[in-house]
Amino acid sequence: MAGKEYRTITDVKGPLVFLNKTEPVAFGEIVELRLTDGSMKNGQVLDTSDDLVVVQVFEGTAGVDRTTGVKFLGDVFKLPVSNDLVGRILDGAGRPRDGGPEIIADGKADIIGAAINPYARQSPHDFIQTGISAIDCCTTLVRGQKLPIFSASGLPHNDIALQIARQAKLTASDEQFIVVFCAMGITAEEYNFFRSDLERTGALENAVLFVNLADDPAVERLITPRLALTAAEYLAFEHDYHVLVIYTDVTNYCDALRQIGAAREEVPGRRGYPGYMYTDLAMLYERAGLVKGKKGSITQFPILTMPGDDITHPIPDLSGYITEGQIVISRELHGSGIYPPINVLPSLSRLMGGTIGEKTTREDHKSVSDQMYAAYAQGRELRGLVAIVGEDALNERDKQLLSFSGLFEDKFLRQGRYEDRSIDETLDLCWELMSTIETKYLVRLDQQWIDKYHPDNKE
Amino acid sequence: MSKNGQIYRISGPVVTAIGLNAKMYDVVRVGDEGLMGEVIELHGEKAVIQVYEDTSGVRPGEPVTNTGQTLSVQLGPGLLTQIYDGIQRPLPILLEKMGTFITRGVDADGLDQEKKWTFEPTAKKGDKVEGGHVVGTVQETETIAHKIMIPPNTSGTIKSIKGGDFTVSETVCVLDDGTEIAMMQRWPVRAPRPFKQKYAPDTPLVTGMRILDFLFPLAKGGAAGIPGPFGSGKTVTQQSLAKFSDAQIVVYIGCGERGNEMTEVLDEFPELIDPNTGKPLMNRTVMIANTSNMPVAAREASVYTGITIAEYFRDMGYDVALMADSTSRWAEAMREISSRLEEMPGEEGYPAYLSSRLAEFYERAGRVETLEGEDGSVTVIGAVSPPGGDISEPVSQGTLRIVKVFWGLDAPLARQRHFPAINWLNSYSLYPQSLDQWFKDNIAADFPEVRTEISSLLQVEAELQEIVQLVGSDALPVDQQLTLEVARMIREYFLQQNAFHEIDAFTGVQQQYLMAKAILTFQSEAKNAIEAGGMLEDVVNVPARSNLMRSRFEDNYLDRIEGLVADMTKEIAAAAEEN
Ligand SMILES: Nc1ncnc2c1ncn2[C@@H]1O[C@H](COP(=O)(O)OP(=O)(O)OP(=O)(O)O)[C@@H](O)[C@H]1O
Ligand SMILES: [Mg+2]
């Protein structure tokens, strides 16, 4: 059946091509289109029946007409996988982009990816030290977690992602991470920024890059992350790698999804995004974790930009419903010149509670992060009041909290792009800053940790 | 038309077949790999099928075979401690057959067909029996005796019955008309199991969560909805209920949520001890995990699979609690299928029948007289995940119209790390009236009054807070400042409860009552002391009060609380005298 070329296109609409009178075509089958000028495009079957086949064309339908030849390749989309992927740069459809040879495949893996049997999963609880205080102390990253960055346009999410990629390490062992990087519709400039940083630090040799840029076909973005995650699964579960998958920008991915939905005239959900977007995103985000009996792991670090800085927008909202927490970047902090501008208040790591403590980080970590969070939240709230009633109207406790909130941003949050703080350094810094508040107001700290770690008691 | 047809069209999980002789809800095998599906629509000679497995690679023209059965579950010994996917395939078996990833085309029985169970007859030859009558028991786990019942719609006189070790499909009892009864029965998941009559609930489901039991109690046989934005604590609350509530059987459905959350339950429950029986929690638990990335059609089925299992245990006379996390994902599965069917959409793209499906589901909760005349109940607690946390959307609204208990989780509270982040101002329970007798008889005669006092203090606080926002708390008269202090104590000492703290996670109702009384004692003593000339600052900061509050994290608090209150009373009085 593969091999026969049809010229039976009836309609072309957006990224979709409709054709009839074919042999039975499989759902999800890969399609090749030959245009009159001889150029080729790729697509995938979205709907198939005896009468009508709907094909989604990855490169867009520019130039497609009724005389375009359509060939069904007899199989669903698969990625050739092999250990040789490591060190390679591929395009958004999985073809070499680095001028290197084709990948010699050990096998082919279906890119849709099957769900991990929940019974086969192993709970993640290995602490990853990122060297960034705000993350390590307040939203601890755990190996096997999916922890997105909720950012917005013009904010330094890429710097943060790269800093994490450079610095992420386990404190409990010397196992290394390799990076699978997936670009979806980002600019060439952003991409070069990532690539040159990975190159400079030598991480590129141990990375796999899948690249779909802003001027690459939008619909291709729907497969790029699937390719990246397929590579990640292969490397993690067949070759024991600990894989850190960074993909950016999920917002571009969702917009491509919306485009297909509109072309199919589906009933749209909120803000025009398809009703199945939750499920679709889950099929990406859930491809993270650890499984029993395998050494490797997949940790996901997706980046998304919140349209209009709105966290209730469907893209961050549905993501938050699937991922295991989020790191929220703040325009306000960025505006006051703080890097990394992480707003710890709406940020959360759901796997933190089961991870931190004596065995992995330090015995006082939980107590310290609760107190840092509470004091900062209260201090921030007081800023509003001070704007109305003035600082003199505050009582002593509130004055201390207010001043702490400034220190928190200036000393704790703020750090260099190449500053790699150990968890001990981070926690010691917390104690130093908290000691500016009288101990009687630090109600969330356990007395035993005050006795042991408070600067007044340490000397 | 015959038992065999062929595929005409494939659109994701929806497949259309022609030439198939089918009734609605028949289970069919689709394609060369025999994927499992269910007929959900008939159009002339076309049958529309929702397929429970991924359909990539399937082609028109491949065969479709009707099994002639409707989607049903296997009921009998072996359900407890098991974890299933949405169509009752045991995940451990799938792991064995498929490896780490869930592939497709594999069939698996819900109940182990090989394992032998020891059946002890409780009925004897010559007994007249009807559907729902118990004829024997199997000690399924350490704590649960599984009662073997005559399947509904069956009756007769027992011709023979024998004890001993049997597999679930072997005959243990024969009726005079030759009907053979095995320990296993089947039931179609979309039909409620029969009972004699429904009763009004009169007993609380004690959850050990103070805000729930004390302020917004749920009745055994009742239904509750927990809506909340992401990260507000729906799953943590549901898991706490699964751990600590005083149901005899728990059915936990992970419907379209995270894989790791199910793993967590699997890791934790066998280690955790049921506070009500002293035995591992797993013994009373059945789990269903159809995570967000598993096929949506099976997600749609998962809640029915779960509630049918719950009803089955109810029919044995047990109190069953069912948690569904999250019903929004179930509704979305309906929406996804409906849109593939090109049905006319209702609000926000959901099918027009969304609210009736929600109602039918929650209606399967209830306290009933079983066919045998016993008392049994199914309590349903559904999490709801409204987009953007805004509950004006169809699933939240459809749920709130039916359930009598609303536990509203709230993002600002979660952000303040006030857990459980249940908003005490907009949550409600319509059960207190029917449950107050129980609280009066079992806890204290003035229980309803104490509850009213506590909730009105919280109301007053909300009003005062509005003023404080404008002028600061120092501008308030001293009695109102004291009210704020008392309300803060309610929030920090009583409402906040750490689900991960060994001791704090569960509080019995007796202790809840004493804690509430302790707060009221503090209020009245502080008021007296201030009237006697004490300074507010001194009176509220007596060390014995913080000692009272902090000690709730320690063992034997229930026994110590009266002494701690007495100490506090003394110190407050002393604080007044100092001036
Ligand atoms: N009762 C509680 N005690 C302590 N911590 C809690 C409690 N409830 C929630 N939390 C905290 O909030 C986090 C999020 O809770 P949870 O996972 O239950 O949210 P959710 O409402 O189920 O979110 P989603 O809709 O995304 O699944 C938890 O990881 C935990 O840190
Ligand atoms: Mg949840």
Side-chain angles (χ1 to χ4, degrees), chain A residues 24-29 46-50 75-76 110 112-124 237 266-270 275-276 278-279 282-283 286-287 289 291 293-294 312 314 317-318 320-322 324-326 345-346 348 350-351 353-354 370 373-374 377 385 389 393 395, chain B residues 7-12 16 54-62 83 91-92 94-95 98-104 229-231 254 256 258-260 262-264 266-267 289 291-294 296 329 332-333 335-336 339 345 348-349 385 387-390 415-417 469-472 474 500:
Chain A
V25 167
F27 178 71
E29 190 168 341
L46 283 189
D47 199 324
T48 170
S49 70
D50 291 347
D75 204 353
V76 296
D110 184 346
I112 301 298
I116 297 175
N117 184 331
Y119 191 73
R121 281 184 183 270
Q122 194 182 316
S123 291
F237 302 136
E266 290 165 348
V267 183
R270 279 174 78 219
Y276 48 78
Y278 172 83
T279 305
M283 296 190 57
E286 275 288 312
R287 293 171 82 173
V291 298
K294 311 249 181 194
T312 68
D317 189 51
L318 294 179
Y321 271 122
I322 306 163
E324 289 152 341
Q326 65 279 338
L345 301 178
L348 171 73
R350 298 182 196 219
L351 303 185
D370 284 352
Y373 185 96
L385 189 64
V389 299
N395 61 28
Chain B
I7 297 177
Y8 164 75
R9 176 182 175 191
I10 303 137
S11 171
T16 311
D54 177 38
T55 54
S56 302
V58 178
R59 292 168 198 274
E62 288 185 23
I83 177 164
L91 292 178
L94 296 189
L95 177 65
M98 306 169 169
T100 304
F101 294 93
I102 298 185
T103 53
R104 59 189 197 183
F230 68 78
R258 301 173 185 84
N260 276 336
M262 299 313 292
T263 314
E264 207 177 284
L266 281 170
D267 286 350
T291 57
S292 53
N293 56 341
M294 285 160 74
V296 282
R329 308 305 167 212
E332 284 166 8
R335 174 167 71 182
E336 201 167 325
S339 104
E348 294 192 16
S385 315
D390 176 359
R415 207 164 303 149
Q416 289 161 32
R417 302 287 200 258
Q469 292 300 320
L470 298 175
V471 296
D474 286 351
F500 304 111

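Chain letters run A, B, ... following the sequence lines, proteins first, then strands; residues in each count from 1. Worth knowing before you read on, the calculation uses all heavy atoms, side chains too, and leaves out hydrogens, waters and symmetry mates.
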Exercise for the section: Determine the minimum heavy-atom distance between Ala282(A) and Ser292(B), stating which atoms define it. Expected result: CB-OG, 3.2 Å

Practice task
Measure Ile10(B) against the heavy atoms of chain A and call it side chain, backbone, both or neither at under 4.5 Å.
Solution key: both

Handout entry: Neighbour count >12 (heavy atoms, 6.0 Å) for atom OH, Tyr321(A)
Key = yes

Problem - Greatest number of heavy atom pairs closer than 4.5 Å to chain B - which of Asn117(A), Leu345(A), Val267(A), Leu351(A) - result: Asn117(A)

Practice task
Would you mind checking if Asp50(A) and Arg9(B) are paired as a salt bridge, meaning a charged N to carboxylate O distance below 4.0 Å?
Solution key: no

Problem - Asp317(A) side chain vs Gly388(B) backbone, donor-acceptor pair below 3.5 Å - result: yes

Handout entry: Minimum heavy-atom distance Phe27(A)-Thr55(B), with the two atoms named
Key = CD2-OG1, 3.4 Å

Handout entry: Which atoms of Arg270(A) approach chain B - backbone, side chain, both or neither, heavy atom under 4.5 Å
Key = side chain

Practice task
Compare all side-chain heavy atoms of Arg258(B) with those of Arg350(A) and state whether any distance is below 4.5 angstrom.
Solution key: yes

Exercise for the section: Measure the shortest side-chain to side-chain distance between Arg415(B) and Tyr373(A) over non-hydrogen atoms and say whether it is less than 4.5 angstrom. Expected result: yes

Exercise for the section: Specify which of Gly256(B), Gly349(B), Ser385(B) makes the most heavy-atom pairs with chain A at under 4.5 Å. Expected result: Ser385(B)

Handout entry: Interface residue of largest heavy-atom contact number with chain A, from Pro92(B), Pro345(B), Gly389(B), Ala333(B), under 4.5 Å
Key = Pro92(B)

Completion exercise
Correct closest heavy-atom pair for Glu336(B) and Thr279(A) would be OE1-OG1, 3.4 Å

Handout entry: Side-chain heavy-atom pair Asp370(A), Arg417(B) within 4.5 angstrom cut-off
Key = no

Exercise for the section: Mark yes or no for whether Glu286(A), through its side chain, and Gly259(B), through its backbone, hold a donor-acceptor pair below 3.5 Å. Expected result: yes

Handout entry: Top contributor to chain A interface from Pro229(B), Gly99(B), Gly254(B) [non-hydrogen pairs under 4.5 Å]
Key = Pro229(B)

Practice task
Counting only heavy atoms closer than 4.5 Å, note whether Tyr8(B) contacts chain A via side chain, backbone, both or neither.
Solution key: both

Fill in the blank from the handout: Under 4.5 Å to a heavy atom of chain B? For Leu385(A) that would be side chain

Handout entry: Val76(A) to Ser56(B) - nearest heavy-atom pair and separation
Key = CG1-CB, 3.9 Å

Practice task
Give, as side chain, backbone, both or neither, the part of Asn260(B) having an atom under 4.5 angstrom from any heavy atom of chain A.
Solution key: both

Handout entry: Contact check, side chains of Pro60(B) and Thr48(A), non-hydrogen atoms, under 4.5 Å
Key = yes

Fill in the blank from the handout: Given Gly353(A), Gly354(A), Pro314(A), Ala115(A), the one with more heavy-atom pairs under 4.5 angstrom with chain B than any other is Ala115(A)

Problem - Atom group of Leu95(B) that falls short of 4.5 Å from chain A, counting heavy atoms - result: both

Practice task
Side chain from CB out, backbone as N, CA, C, O: work out which of these in Gln326(A) comes under 4.5 Å of a heavy atom of chain B, or both, or neither.
Solution key: side chain

Handout entry: Test side chain to side chain contact (heavy atoms under 4.5 Å, CB included) applied to Pro118(A) and Leu266(B), Ile102(B), Leu94(B), the passing residue
Key = Ile102(B)

Problem - Interface moiety of Tyr278(A) toward chain B, non-hydrogen atoms closer than 4.5 Å - result: side chain

Handout entry: Interatomic spacing from CG in Asp54(B) to CG in Asp110(A) - rounded to 0.5 Å
Key = 7.5 Å

Practice task
Using a cut-off of under 4.5 Å on heavy-atom pairs, state which of Arg104(B), Glu348(B), Met262(B), Arg329(B) scores highest against chain A.
Solution key: Arg329(B)

Handout entry: Most contacts with chain B, counted as non-hydrogen pairs under 4.5 angstrom, among Gly113(A), Ala377(A), Pro124(A)
Key = Pro124(A)

Practice task
Heavy-atom distances under 4.5 Å only: say whether Val58(B) touches chain A with side chain, backbone, both or neither.
Solution key: backbone

